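Chain letters run A, B, ... following the sequence lines, proteins first, then strands; residues in each count from 1. Worth saying up front: this structure is predicted, and the values here are computed from it rather than measured.
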Protein chains: 2
Amino acid sequence: MGRTSDAKEKIIESAIELISLRSYNAVGVQELCEHSGVKKGSFYHFFPSKRDLTVIALDRMWANFKTGMLDPIYNSESTAREKFQTLLEKSHEYQSADKDYKGCVTGCSIGNLALELSTQDEVIRLKIQEIFKEWTGYFENLIIDSINEGDLPVETDPHSTAQAILAYIEGLSLLGKTYNDPSVTSRLGEGIMQLCITRKKVKKTA
Amino acid sequence: MGRTSDAKEKIIESAIELISLRSYNAVGVQELCEHSGVKKGSFYHFFPSKRDLTVIALDRMWANFKTGMLDPIYNSESTAREKFQTLLEKSHEYQSADKDYKGCVTGCSIGNLALELSTQDEVIRLKIQEIFKEWTGYFENLIIDSINEGDLPVETDPHSTAQAILAYIEGLSLLGKTYNDPSVTSRLGEGIMQLCITRKKVKKTA
DNA sequence: CTCTTAGTTGACCAGTCAGTAAAATAATAA
DNA sequence: TTATTATTTTACTGACTGGTCAACTAAGAG
């Protein structure tokens with residue numbers, strides 16, 4: 001079976017760390033290799049291109065976000081409303097930690113790549129689109145739970161409400177990053193609940 | 001007085017066009033020069049660095065957005081509610097035009113640069129922060145008008161509501177760009193009105 | 001012990017990056 | 001007309017870009 005290696009893993013972790021903090025184009029393959037202690041030849045042994053690495057890094061970021069954030073919250077014993085609140089609190093914690101340890105609010109790594117690369121790389125755009133659809137699915141379930149709990153009216157449209165909430169969260173990340181201020185998320189977070197109000201289903205017209 | 005030139009202007013226009021469509025790091029000085037028909041030496045005669053050009057381009061983008069979008073809407077004869085609606089419609093038009101003529105939804109050029117460069121270049125971050133504060137100011141005035149029109153309760157906090165709306169609009173741009181779909185803005189736009197509901201002033205604690 | 005497979009290494013490529021320096025050229029003001 | 005000032009042009013830097021290649025090495029399987 002030949003020899004084993006953790007180089008691939010180290011490169012993925014470095015990519016997540018460096019690209020999240022700066023940007024795709026600001027981090028070169030060379031720096032990625034230095035940071036992970038891997039030679040450039042090994043890099044291209046594991047990844048056909050920087051772009052391919054980025055797609056895998058995106059998958060990993062999303063997986064980490066689900067297991068570290070969405071799943072625990074979704075599976076917790078609380079109302080949908082409380083779950084959204086917990087999400088906001090956790091987000092604020094992460095952003096504060098960023099600011100404390102890295103010196104700046106980095107926002108949402110996935111959203112960052114979305115804006116930087118969507119018009120440039122269709123494969124990456126589609127990957128992020130897929131992630132956003134899954135993410136919206138989580139919120140949809142939460143909203144459906146909320147309707148069942150009697151906390152939201154039955155006319156509420158789970159899908160469009162979920163999309164609106166994702167948009168709002170990404171917007172808060174963008175503002176928080178621009179102001180380099182983690183408190184943006186916590187101060188404006190309650191807006192999520194407002195986005196749930198009176199959003200009625202609209203019948204699709206063929 | 002020496003000779004005159006429109007090279008500076010052409011470079012700024014090229015910068016806005018190319019960087020808005022792709023990204024800061026994806027567009028080089030060389031390409032900027034070729035696109036504007038200016039030699040590299042002239043580029044550095046007018047701008048000390050690519051970064052300095054970008055700051056000026058940001059100012060110009062914001063000025064264009066104000067004169068082409070915010071000011072006409074703000075000065076129009078209609079209710080604040082209608083003005084927000086017009087803003088959404090116009091945004092949708094711009095995004096549709098982007099998709100038709102350039103092949104993709106480019107989102108908000110200012111927001112794009114915010115996410116790409118905020119952690120990398122403090123001067124640019126502060127410039128965009130300043131723009132966002134001015135932008136929020138426009139929305140604040142609209143919300144105050146709305147309160148005076150009796151359309152929103154007097155307890156509404158204009159400042160935080162304005163910030164929430166800006167976040168939401170930037171979030172819609174991000175989603176629209178990721179889905180490469182201009183209809184995101186129009187479908188979810190009504191959320192702006194929801195963000196105005198029951199947002200109460202909180203007394204500042206020293 | 002050897003063959004195979006997987007991973008490592010370092011040298012190398014052409015192209016591009018932002019930015020520089022100096023000479024050449026217009027236009028205007030005196 | 002001449003001096004001054006603003007703009008243009010060309011040629012150039014050194015560092016870095018993503019990516020390639022072939023030789024080398026270590027580990028497990030037969």
Between atom [atom1] in [X] and atom [atom2] in [N], what is the gap in whole Å?
X	N	atom1	atom2	value
B:His45	C:dA26	NE2	C1'	13 Å
B:Asp121	C:dA18	CG	P	14 Å
B:Phe43	D:dA11	CZ	P	21 Å
A:Glu34	D:dA15	CD	P	14 Å
B:Ile11	C:dA18	CD1	P	13 Å

Does CZ in B:Phe46 sit with more than 12 non-hydrogen atoms of other residues, nucleotides or ligands closer than 6.0 Å? yes

A:Lys66 atom NZ: more than 12 heavy-atom contacts under 6.0 Å: yes

Nearest-neighbour nucleotide for the [X] side chain, [options] considered:
X	options	answer
B:Tyr44	C:dT20, D:dT7, D:dT9	C:dT20
B:Lys40	D:dT9, C:dT9, C:dA18	C:dA18
B:Arg3	C:dG7, D:dA6, C:dT9	D:dA6

Counting just side-chain N and O atoms, does A:Lys50 come under 4.0 Å of either OP1 or OP2 of D:dG18? yes

Under 4.0 Å between a side-chain N or O of A:Ser5 and OP1 or OP2 of C:dG7? no

Would you indicate what [X] reaches in the nucleic acid, counting non-hydrogen atoms under 4.0 angstrom: base, sugar-phosphate, or nothing?
X	answer
A:Phe46	sugar-phosphate
B:Gly28	sugar-phosphate
B:Gln30	sugar-phosphate

Measure from the side-chain N and O atoms of B:Lys177 to the backbone N and O of A:Leu115, and report whether any donor-acceptor pair falls under 3.5 Å. yes

Are side-chain N/O atoms of B:Asn112 and B:Ser109 paired as donor and acceptor at under 3.5 Å? no

